[in-house]
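Keep in mind that what you see is a predicted model, and the values were worked out from it rather than measured. Here is the naming used below: chain letters follow the sequence lines, and residue numbers restart at 1 for every chain.
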Protein chains: 2
Amino acid sequence: MQRTEIASLGEFGLIDHLTKTIELKNSSSQKGVGDDAAVLSYGDKKTLVTTDLLLEGIHFDLTYVPMKHLGYKSAIVNFSDIYAMNGQPKQITVSLGISKRFSVEDLEAFYDGLQLACDHHGVDIVGGDTSSSLTGLTISITCLGEGDEGKIVYRNGAKETDLICVSGDLGAAFMGLQLLEREKAVYGGEKDFQPDFSGKEYLLERQLKPEARKDIIDLLAKDGIVPTSMIDISDGLSSELKHVCKQSGVGCCVFEERLPIDYQTAMMAEQFNMNVTTVALNGGEDYELLFTVPLHLHDKVSQMKGVHVVGHIARESLGLMLETRDGTEIELKAQGWDSIEKEA
Amino acid sequence: MQRTEIASLGEFGLIDHLTKTIELKNSSSQKGVGDDAAVLSYGDKKTLVTTDLLLEGIHFDLTYVPMKHLGYKSAIVNFSDIYAMNGQPKQITVSLGISKRFSVEDLEAFYDGLQLACDHHGVDIVGGDTSSSLTGLTISITCLGEGDEGKIVYRNGAKETDLICVSGDLGAAFMGLQLLEREKAVYGGEKDFQPDFSGKEYLLERQLKPEARKDIIDLLAKDGIVPTSMIDISDGLSSELKHVCKQSGVGCCVFEERLPIDYQTAMMAEQFNMNVTTVALNGGEDYELLFTVPLHLHDKVSQMKGVHVVGHIARESLGLMLETRDGTEIELKAQGWDSIEKEA
């Protein structure tokens with residue numbers, strides 16, 4: 001593969017090169033890359049803004065994450081935050097800190113992935129900053145979106161007896177990561193290693209190419225449902241429920257048997273000798289939506305494709321509870337990834 | 001000084017701790033830190049967005065930059081980009097990648113500086129992301145601002161015969177950096193060294209605590225002047241003129257004798273055996289404004305406090321020229337900092 005040194009283009013040359021094919025799609029994107037700031041125009045809509053920082057060695061490992069996938073995922077994690085407000089993402093700015101080991105082709109691949117995600121979600125790249133870095137790759141993306149007055153959903157609106165709903169399934173991205181880490185350890189420094197991932201494709205896809213649930217936001221709008229609270233599941237269901245309950249001043253009860261888990265996740269957890277419920281509750285990087293709706297919408301949300309009712313909101317004094325398969329109530333802990341790995 | 005380990009608060013505890021005193025000042029800031037995204041509301045104004053990435057070892061050296069100053073400067077460099085569009089900054093999001101050597105007190109000092117800059121410029125902190133980092137400090141700030149329809153100024157509107165105007169003076173921040181670097185080399189690893197900077201305070205202030213020229217934007221508005229093009233001077237006047245001329249499809253002529261240079265800058269350049277004109281043209285980090293206005297506004301801009309007319313826009317075929325003190329015309333080169341240092 002061709003390797004063009006970034007120094008051969010220079011900083012401004014690199015920006016021009018990476019952004020020259022970008023076309024603005026949204027009417028709210030009035031002026032994009034190429035000035036001190038982008039110019040946006042939102043009529044009577046509210047503007048949403050979110051930002052995510054991704055650091056090499058912390059958030060991604062380039063041993064097994066291709067640059068194109070990394071670009072895709074970097075955009076998706078931001079879109080997911082906008083959807084979690086019941087909004088639509090419209091623009092991103094992209095800042096990159098790049099060390100010498102990256103070539104122009106690497107960054108092209110990153111931008112390809114970024115652009116692909118933007119195309120899927122109708123988002124414009126409107127600006128950014130590029131800098132050299134002494135240490136690995138730094139990615140900082142800020143996403144702007146729009147929402148309708150009165151339909152923006154916060155974390156603080158969950159009410160007692162509300163139903164707790166989750167889109168998709170949980171824990172697969174985490175098991176995908178475990179799988180990649182294991183193969184990395186086995187194959188060590190070997191270049192171009194080709195481990196056999198057959199039967200585990202779903203786990204890898206969830207880890208390497210996650211999606212943001214625009215479809216759920218669109219479904220909710222179609223059904224005329226405005227959730228009472230919503231958050232995206234990036235750090236694991238338990239952690240997100242903790243945020244919602246804290247900000248809403250409520251407690252909750254989740255039913256273990258209702259947690260949506262793909263069979264590949266369950267099989268892999270078995271192989272790794274991990275408790276699949278712990279994985280589903282704390283795995284992270286699912287980028288599914290967690291939202292609450294009033295009890296009377298039970299039939300409506302139960303019929304929504306890809307949505308599962310996993311529990312209900314309770315009074316604050318109950319705390320955060322998990323009802324296990326055998327009917328025992330235990331406290332729901334937000335342990336985060338590290339502790340799962342230690343436990344395993 | 002007290003040192004509280006960040007691990008004692010945890011990620012979410014840290015965010016709460018750093019953001020708990022933040023109050024929203026702008027009516028366009030509807031919801032700040034604490035949800036998936038901030039909610040902003042811009043009426044009939046245009047929204048401006050800009051972003052800057054600052055990496056330890058590349059953009060700052062914590063040997064001599066106090067965390068509070070770093071926070072201040074990190075905000076200012078973004079505000080400067082919004083002013084350069086003839087807009088007013090209104091909100092920022094702040095993402096930090098933090099390695100283990102930083103304490104809670106370090107980050108408090110950073111946020112103090114950030115908040116101070118925001119107070120001076122009427123800006124709200126509305127969100128962000130905090131992550132651990134394997135390597136030093138990463139700062140990514142995105143700034144949103146607003147501008148009036150029809151009064152936003154781009155880089156591409158400069159016309160032949162327009163006057164080239166510069167605010168403040170040039171090269172001082174660069175000489176401040178040289179001074180700090182020299183003292184660092186002299187005092188080596190000595191802790192709490194107290195070098196004598198008397199008579200050089202202005203250079204240090206320009207490097208450590210730069211300002212964004214809100215006053216110039218307000219003056220222009222008061223005088224009813226909308227520049228034909230504008231850009232902030234972060235990489236040196238030559239580099240910025242190159243952007244303006246390229247995007248406007250014009251050339252320019254700058255007069256060496258008109259370059260605004262503070263006497264401390266001149267004296268320091270002399271001491272370092274550097275050409276002060278080269279320093280003023282290429283020093284960088286001035287965060288002054290470079291703008292162009294039609295020729296008929298000559299008297300008006302000449303009388304504006306803190307504004308200097310340094311040359312004029314010319315036809316594209318002339319290229320970018322510098323008329324030296326002895327009347328010779330030479331090509332204006334955008335050499336950037338590295339080459340100045342090599343030359344010196």
Determine the option with the most heavy-atom pairs under 4.5 angstrom with chain A, choosing from [options].
options: B:S132, B:C143, B:G145; result: B:S132
options: B:I231, B:T142, B:V39; result: B:V39
options: B:Y83, B:Y42, B:Y154; result: B:Y154
options: B:A38, B:G128, B:S41; result: B:A38
options: B:G136, B:G127, B:S133, B:G87; result: B:S133
options: B:S28, B:G147, B:S131, B:S80; result: B:S131

For the backbone of B:R155 and the side chain of A:D35, can you confirm whether one donor and one acceptor N or O come within less than 3.5 Å of each other?
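Judged by distance alone, yes, a pair lies under 3.5 Å.
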
Does B:D36 use its side chain to pair, donor to acceptor, with the backbone of A:M85 at less than 3.5 Å?
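No, the answer is negative, given that no donor and acceptor are paired below the 3.5 Å cut-off.
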
Intermediate values then yes/no, side-chain contact (heavy atoms from CB on, under 4.5 Å), A:T135 and B:L134
CA-CA 9 Å; A:T135 53; B:L134 295 177; over 6 Å; no

Does any backbone or side-chain atom of [X] lie under 4.5 Å from a heavy atom of chain B? Answer side chain, backbone, both or neither.
X: A:K242; result: neither
X: A:Q91; result: neither
X: A:I152; result: side chain
X: A:S239; result: side chain

With a 4.5 angstrom heavy-atom cut-off, is it the side chain or the backbone of B:Q247 that approaches chain A, or both, or neither?
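The answer is the side chain of B:Q247.
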
When heavy-atom pairs shorter than 4.5 Å are enumerated against chain B, which of A:L96, A:D129, A:N156, A:T47 gives the highest number?
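Most pairs with chain B among the choices: A:T47.
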
Near [X] [atom1], under 6.0 Å, is it more than 12 heavy atoms from other residues, nucleotides or ligands?
X: B:D44; atom1: CG; value: no
X: B:K151; atom1: NZ; value: no
X: B:K25; atom1: NZ; value: yes

Point-to-point distance, once rounded to the nearest 0.5 Å, from NZ of B:K31 to CG of A:L48
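It comes to 12.0 Å.
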
Just how far is it from atom OG of B:S95 to atom CD1 of A:I141, taken to the nearest 0.5 Å?
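B:S95 OG to A:I141 CD1: 11.0 Å, rounded to 0.5 Å.
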
May I ask you to list the residues in residues 50-59 of chain A that approach chain B closer than 4.5 angstrom, counting heavy atoms only, ordered by number?
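Against chain B, the residues of residues 50-59 of chain A that fall inside the cut-off (heavy atoms, under 4.5 Å) are A:T50, A:T51, A:D52, A:L53, A:L55, A:E56, A:G57, A:I58, A:H59.
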
